[in-house]
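Note sheet for the following structure.
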There are 2 protein chains.
Amino acid sequence: MIRVTKLADYGILLMTWLAWRKARPGGDELRRSAADLARETGLPAPTVSKLLRLLSRAELLEAQRGAQGGYQLTRDPAGITVANIIEAIEGPIALMDCLDDTAPDCDVQSLCPTRTNWDRINQAILTALSSISLEEMATPQRGWRERMSSALTPTVGETS
Amino acid sequence: MIRVTKLADYGILLMTWLAWRKARPGGDELRRSAADLARETGLPAPTVSKLLRLLSRAELLEAQRGAQGGYQLTRDPAGITVANIIEAIEGPIALMDCLDDTAPDCDVQSLCPTRTNWDRINQAILTALSSISLEEMATPQRGWRERMSSALTPTVGETS
DNA sequence: CCAATCCCGACCAAATCAGTACGGATTCCT
DNA sequence: AGGAATCCGTACTGATTTGGTCGGGATTGG
């Protein structure tokens with residue numbers, strides 16, 4: 001069901017936590033060590049390390065080495081999208097592999113206008129993911145549900 | 001990378017094939033057996049059977065048993081969305097499990113406004129998937145991009 | 001110089017996925 | 001009626017991916 005891996009989930013959790021902390025007025029220290037973050041989020045420490053490294057490599061976080069080191073956000077949370085985070089952790093966003101290279105199963109050319117249309121789906125999802133900023137993730141939602149349901153729900157729901 | 005399972009991919013392929021065949025003027029037989037479809041698409045027969053069964057159970061296809069039996073679309077391709085198909089094959093669409101029940105890892109309540117916001121992402125993706133009909137998948141793309149951008153981008157929220 | 005911290009690669013266990021096999025039920029055709 | 005074709009369902013297995021671990025090196029601050 002259009003699964004995002006747990007790693008990406010955790011990554012978003014971490015980033016949200018960082019953004020949230022930054023937004024708080026009492027945010028004394030915005031640079032935090034991997035161990036701190038692991039403790040604060042309750043996630044296993046090595047996994048947190050790995051994630052932070054990936055996020056840092058994608059330049060979403062800035063790493064400071066040595067004693068008293070740690071990670072901190074490079075940009076403003078408003079300038080980081082969920083798509084950015086997922087992409088940083090899981091690589092380029094694509095629903096299928098059939099898109100980029102020669103797939104041997106896909107031998108029936110006649111029905112493969114499908115492939116080009118799959119690209120549309122990918123694009124749609126990418127758009128959706130890019131439209132949600134980290135800032136939004138870090139702030140408790142207000143009346144977003146109304147905006148949502150009015151525009152979105154129509155097609156999928158009915159079982160019959 | 002927001003992967004859809006190969007089964008769902010195949011499912012969409014099958015449905016697209018069916019829709020395409022139905023749309024053609026020379027579409028003599030719109031009911032086709034699982035074996036036929038397997039041969040025509042080049043997919044392994046048992047897998048095709050399984051998929052067709054799932055799609056039939058979701059009432060996207062109609063099954064006719066016995067000799068000379070087979071499957072055919074229940075509704076018009078325009079009334080079937082990609083979201084429908086994926087949902088039929090992979091169950092309810094949700095990026096994460098953390099949404100519906102008590103997750104033990106999620107013990108840090110303080111940072112869990114994230115969870116409610118995850119729902120937002122799910123909704124966005126569902127919208128994207130629901131906005132693409134099987135009919136569109138079966139026809140070579142024309143001016144679909146306009147519909148896309150108009151239908152998707154505004155609802156979820158501006159980045160700034 | 002020492003300790004804390006980030007950094008990196010390789011490795012392992014577990015979950016999930018794709019596919020298979022077999023047996024049963026239903027309908028058509030002879 | 002009988003047999004063949006077809007859909008239906010469950011259970012099982014092999015392979016891929018994922019989540020997580022471990023150990024050692026590089027870099028900075030005290």
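Naming convention: chains lettered A, B, ... in sequence-line order (proteins, then strands); numbering from 1 in each chain.
Using a 4.0 Å heavy-atom cutoff across all strands shown, B:Ala34 reaches sugar-phosphate atoms only and no base atom.
Between the CD atom of A:Glu62 and the C1' atom of C:dC6 there is a distance of 13 Å, rounded to whole Å. Computed from coordinates, the A:Gln72 CD to C:dT5 C1' distance equals 15 Å when rounded to whole Å. When the C1' atom of C:dT5 is taken as reference, atom CZ of A:Arg31 falls 12 Å away, rounded to whole Å. Distance NZ (A:Lys6) to C1' (C:dA15): 9 Å, rounded to an integer number of Å. Nucleotide C:dA15 holds its P atom 18 Å from the CG atom of A:Asp9, rounded to whole Å. The separation between B:Leu52 atom CG and D:dC8 atom P is 9 Å, rounded to whole Å. Straight-line distance from the CG atom of A:Leu51 to the C1' atom of D:dG19: 10 Å, rounded to whole Å. Going from atom CG of A:Leu61 over to atom P of C:dT5 covers 17 Å, rounded to whole Å.
Checking each of A:Gln72, A:Gln64, A:Glu62 against A:Arg31 for a side-chain hydrogen bond (donor to acceptor under 3.5 Å, both in side chains) leaves exactly one that passes, namely A:Gln72.
When side chains are defined from C-beta on, A:Met15 does not count as touching A:Asn84, because their heavy atoms never get closer than 4.5 Å. Looking at B:Leu60 and B:Leu54, their side chains never come closer than 4.5 Å, going by heavy atoms from C-beta outward. With a 4.5 Å cut-off on side-chain heavy atoms, B:Arg39 and B:Asp36 count as touching. Side-chain contact between B:Leu18 and B:Leu37: present, with at least one pair of heavy atoms (C-beta onward) separated by less than 4.5 Å.
By the 4.0 Å N-to-carboxylate-O rule, B:Lys6 lies too far from B:Asp9 to be salt-bridged with it.
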| said: side-chain contact (heavy atoms from CB on, under 4.5 Å) for A:Ile80 and A:Ile85? Distances and angles first, verdict last. | reply: CA-CA 8 Å; A:Ile80 300 176; A:Ile85 301 175; 4.1 Å; yes

| task | Please step through side-chain contact (heavy atoms from CB on, under 4.5 Å) for the pair A:Leu61 and A:Leu14, ending with a clear verdict. | result | CA-CA 11 Å; A:Leu61 292 180; A:Leu14 284 171; over 6 Å; no

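Along DNA chain C, the nucleotide nearest to B:Ala8 and the one nearest to A:Ser56 differ in position, and the one closer to the 5' end is contacted by A:Ser56.
For A:Thr47, there are no side chain to side chain donor-acceptor pair (under 3.5 Å) partners, not counting sequence neighbours.
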| request: Quick one, give me the B/S/- string for nucleotides 25-30 of chain C, reading 5' to 3', where B means a protein heavy atom under 4.0 Å from the base and S means that only happens at the primed atoms, P, OP1 or OP2. | output: -BBS--

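The side chain of B:Tyr71 has D:dC8 as its nearest neighbour among D:dC8, D:dG19, D:dG20.
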Sort me out a list of protein N/O and nucleotides 21-24 of chain D N/O pairs below 3.5 Å, or just none if empty.
none

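At D:dC8, none of the side-chain N or O atoms of B:Arg57 fall inside 4.0 Å of OP1 or OP2 (strictly under the cut-off).
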